[in-house]
Number of protein chains: 2
Amino acid sequence: MASSNTQTAVLDAARELFAEKGYPATSLREITRKAGVNLAAVNYHFGSKEGLLKELVRECLDPINEKRLTRLDQAEAEANGQPVELEHLIRIFLEPVFESMECDEANPMPCLIARMHHEPHPQLHQMLPEILAPVVIRFMTALQRCLPDHSVEVLSVRSQFMVGAMLHVLDMHETINGVRLDDREQMLQDLVRYSAAGYRAPQMS
Amino acid sequence: MASSNTQTAVLDAARELFAEKGYPATSLREITRKAGVNLAAVNYHFGSKEGLLKELVRECLDPINEKRLTRLDQAEAEANGQPVELEHLIRIFLEPVFESMECDEANPMPCLIARMHHEPHPQLHQMLPEILAPVVIRFMTALQRCLPDHSVEVLSVRSQFMVGAMLHVLDMHETINGVRLDDREQMLQDLVRYSAAGYRAPQMS
DNA sequence: GTCTATACTCCGATAGAC
DNA sequence: GTCTATCGGAGTATAGAC
């Protein structure tokens, strides 16, 4: 059952165009033209333009979240009851996102992920926390064990700082202030260091 | 010259709607209906929908950047040739953005700023660095004096981490993981602490 | 089950009357 | 300066061909 050629052709075209121009600015006519299928195919297979977006989001985030949970399981097993090291924890959360763009060099997934988080789309803002909930709960619990002196409120807010930093650099192409971004692993390493130091900063009295 | 009632009515309506639903998802018909003016007024006064956006961006960012430069001048004068303290420098950069939403409580400016940075709009991505250039140059120079052991590349990337964190929390309404965001000053204080710790983290060998 | 053709409403933009 | 009329193109829905 599942995926016909038409469906995958539409998904491929939409993934690329949404990442490039954003969801609202991309027309169904453009997608179906690029996919070589009929305009109505989108409505038949996905119900609507929004249904297509939701399918893409799941397809994009599910493998990332699976990796996160698997690696967190492994890290906690290896820690033998001790808290997982903060840097390690952060890397477990961030690395799968960076890896998702290494499959092929023109993979537009990361831009798409970044784009979605900042798209002012009501149903998307309802969907993302739902998809991320299991990961967030596990991650926050591990964070509290790492940093027992920090309140859960501060850890939540700082997690948003980290996520914002990640999304922002994922969304940038080419250069930052003239500095090339070709080395993704180096960027990830520095983001891990930066975030760990930020998390560890003493909280307000 | 300058501003007719029609122009300001359109700007007010557009500012609110763009911040709420994003630029591509907002129609000129919706804007002009809300402003109580004719549809064609937008094209007459601003040339196009995009011209309207550009006008809004300038109107939004110019006072913020003016504040940044003025306060940096003052801080450097007070430092008497010594580097400005890192936390102070960061606050000078971030605070004007947070202040811009305190004018009136329903001010949609910050969301608009955050939105613009992540809108996949070619002409906008060309425009923003241009507007921000004078501030970025001054800020980077002061940063290098604060952290002389860090390379300019690392400082640039970490500045993007900070900007990403700021934009992300500006873009969030209501709550973060159930934590209310009503205290903006507290959020700013924590972002300053977090970012300063991140900047100070030792760079890779 | 899949897909095509088509129709409907709304969009941004513009030409031209006032 | 302002407004009406209009154009091509957008998202969506559906009837009906295969």
> Residues two or more places apart in sequence or in another chain: which of them pass ring-ring contact (aromatic ring centres under 6.0 Å, His included) with H45(A)?
Replying inline: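 Partners of H45(A) under the ring-ring contact (aromatic ring centres under 6.0 Å, His included) test: none.
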> What pairs with Y194(A) under ring-ring contact (aromatic ring centres under 6.0 Å, His included), at least two apart in sequence or on another chain?
Replying inline: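 So Y194(A) forms a ring-ring contact (aromatic ring centres under 6.0 Å, His included) with F161(B).
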> Counting just side-chain N and O atoms, does T6(A) come under 4.0 Å of either OP1 or OP2 of dC3(C)?
Replying inline: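 Result: yes.
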> Who are the side chain to side chain donor-acceptor pair (under 3.5 Å) partners of H117(A), not counting sequence neighbours?
Replying inline: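 For H117(A) there are no side chain to side chain donor-acceptor pair (under 3.5 Å) partners, ignoring immediate neighbours.
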>> K49(A): which residues meet the side chain to side chain donor-acceptor pair (under 3.5 Å) condition with it, sequence neighbours left out?
In response: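 K49(A) satisfies side chain to side chain donor-acceptor pair (under 3.5 Å) with no other residue.
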Whole-Å distance separating the [atom1] atom of [X] from the [atom2] atom of [N]:
| X | N | atom1 | atom2 | answer |
| --- | --- | --- | --- | --- |
| L53(B) | dA13(C) | CG | C1' | 17 Å |
| L28(B) | dG8(D) | CG | C1' | 16 Å |
| Q7(A) | dG1(C) | CD | P | 13 Å |

>> Using a 4.0 Å cut-off on heavy atoms, which residues in residues 29-39 of chain B reach DNA chain C? List them by number, or say none.
In response: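 Output list: R29(B), L39(B).
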Mind checking what makes salt bridge (Lys or Arg N to Asp or Glu O under 4.0 Å) contact with [X], not counting sequence neighbours?
| X | value |
| --- | --- |
| K34(A) | E16(A) |
| E85(B) | none |
| R138(A) | D73(A), E76(A) |
| K67(B) | E99(B) |

> Got a sec? Which of residues 41-50 of chain B come in under 4.0 Å of DNA chain D, heavy atoms?
Replying inline: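 Result for residues 41-50 of chain B: Y44(B), H45(B), sorted by number.
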>> In terms of relative ring orientation, are H118(B) and H118(A) parallel, tilted or perpendicular, with 30° and 60° separating the classes?
In response: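 Answer is parallel, since the angle falls under 30°.
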>> Q186(B): which residues meet the side chain to side chain contact (heavy atoms under 4.5 Å, CB included) condition with it, sequence neighbours left out?
In response: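 Side chain to side chain contact (heavy atoms under 4.5 Å, CB included) list for Q186(B), sorted by chain: D183(B).
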Close N or O pairs between protein and nucleotides 15-18 of chain C (under 3.5 Å):
none

